[in-house]
**Q** 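One structure, pasted below without further comment.
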Protein chains: 2
Amino acid sequence: MKRNSRLSLALHTLGHMAGDPARVRTSADIAEHAGTNPVVVRRVLGKLREAGLLTSEKGHAGGLARGPEKITLADVYLALDESLVATGEQEVASACSVENILQIKVESVLEDIERSLVERLAATTIAEVRETGAVNHG
Amino acid sequence: MKRNSRLSLALHTLGHMAGDPARVRTSADIAEHAGTNPVVVRRVLGKLREAGLLTSEKGHAGGLARGPEKITLADVYLALDESLVATGEQEVASACSVENILQIKVESVLEDIERSLVERLAATTIAEVRETGAVNHG
DNA sequence: GATTGATGCAACAGAGAAAGTTACATTAGC
DNA sequence: GCTAATGTAACTTTCTCTGTTGCATCAATC
């Protein structure tokens, strides 16, 4: 697993759950399919559950809290506390006021981009991930 | 410096150059203002120069290859070889075909998002970064 | 109610990437 | 030629995230 593995893994996992809700999947099953560790899967699932997207129970595997067409990629993204564009830093590093203004403006622009990204993510649901036909293999 | 420092630092540097083209700025100057190392600045500048955005020369400091209103954030983003959303992995990890299709679809969706992000970045120029009035301080 | 199996969580080790640093050859300006 | 800045190549440090182990908790089954 490399960069952005959490988001990819989360979508992978949710796609599985959306495709076969009845089938009880353990974190070990998902981990094996995703080529990673059960604990890593549970960490991601923990974030999703914390955000109210999943209803996993301690004793056994849980499921989606709502239909896959009601869960957007933005929900997942925000649940994972991702911030791919904006840095989140607002600290003043320089004594030069011109420098500060420039720094603040750069941050401001990046935050705008971040918001646009979330809006774009909100336009796609888990259900669409499973149905998207843009498969360019071969 | 933390995450996304390259993009932030690049915009920071370009913003400086756009604001005062006549003033020769050394990488040491920029590094001091940005709170980082001259070599780190030169690494970022090297990428930008490689992409044709800058015309830095060995002996002394260079400048913007074109006007700041003609350089978009997408130019900078692509110059830095950033790929914030898409993972770039197309490898087949599982023997299960259903698994493969899901994996490919997830990647496909993430690449769509990545393209949307670049489009959004292309809508903003360096000149706008300096002029954006959305400064929400204090 | 005991057993089994999966979860949630914490702690630690390992890998990987990026920043930071040093060093040096190259080149423009004086 | 001298000075100063660049471009680049190592190397070290730092940090984040994955991978791993261990264990208490809780549900399902008998």
**Q** Is the phosphate of D:dC17, meaning OP1 or OP2, less than 4.0 Å from a side-chain N or O of A:Ser5?
**A** no
**Q** Report the residues that fulfil side-chain contact (heavy atoms from CB on, under 4.5 Å) with A:Arg120, sequence neighbours left out, ordered by chain and then residue number.
**A** A:Ala123, A:Thr124, B:Asp112, B:Ile113, B:Ser116
**Q** Please give, in whole Å, the distance from C:dA18 C1' to B:Asn37 CG?
**A** 13 Å
**Q** Which distance, rounded to the nearest 0.5 Å, do you find between the CG of A:Leu84 and the CD of B:Glu82?
**A** 10.0 Å
**Q** Measure the distance from CG on A:Leu9 to C1' on D:dG19 and round it to the nearest whole Å.
**A** 13 Å
**Q** Please name all residues satisfying side-chain contact (heavy atoms from CB on, under 4.5 Å) with A:Thr125, sequence neighbours left out, ordered by chain then number.
**A** A:Thr72, A:Ala127, A:Glu128
**Q** Going by modelled atom types, is there a donor-acceptor pair between the base of C:dG8 and the side chain of A:Arg49 at under 3.5 Å?
**A** no
**Q** Nearest whole angstrom, please: distance from the C1' of D:dC17 to the CG of A:Leu84.
**A** 14 Å
**Q** Once you round it to whole Å, what is the distance between C1' of C:dA6 and CG of A:Leu45?
**A** 12 Å
**Q** Over how many whole Å does the gap from B:Glu82 atom CD to C:dA17 atom C1' extend?
**A** 12 Å
**Q** Whole-Å distance between D:dG19 C1' and A:Arg6 CZ?
**A** 15 Å
**Q** Let me check the geometry of the helix from C:dG1-D:dC30 to C:dC30-D:dG1. What is the bend angle between the axes at its two ends, five pairs each, to 10°?
**A** 30°
**Q** Please determine, for the side chain of B:Val39, which listed nucleotide (C:dA23, C:dG8, C:dA18) has the closest atom?
**A** C:dA23
**Q** Residues in salt bridge (charged side-chain N to carboxylate O under 4.0 Å, His left out) with B:Arg66, at least two apart?
**A** B:Asp75
**Q** Please report the distance, rounded to the nearest Å, between CZ in B:Arg43 and P in D:dA9.
**A** 11 Å
**Q** Is the phosphate of D:dA5, meaning OP1 or OP2, less than 4.0 Å from a side-chain N or O of B:Thr26?
**A** no
**Q** A:Leu64: which residues meet the side-chain contact (heavy atoms from CB on, under 4.5 Å) condition with it, sequence neighbours left out?
**A** A:Leu14, A:Met17, A:Ala18, A:Leu54, A:Pro68, A:Ile71
**Q** Between A:Lys47 and A:Arg43, is there a side-chain heavy-atom distance shorter than 4.5 Å?
**A** no
**Q** Applying side-chain contact (heavy atoms from CB on, under 4.5 Å), can you list everything that pairs with B:Val106, at least two apart in sequence or on another chain?
**A** A:Ser8, A:Leu11, A:Val129, B:Leu102, B:Leu110
**Q** Between D:dG19 atom P and A:Arg42 atom CZ, what is the distance in whole Å?
**A** 14 Å
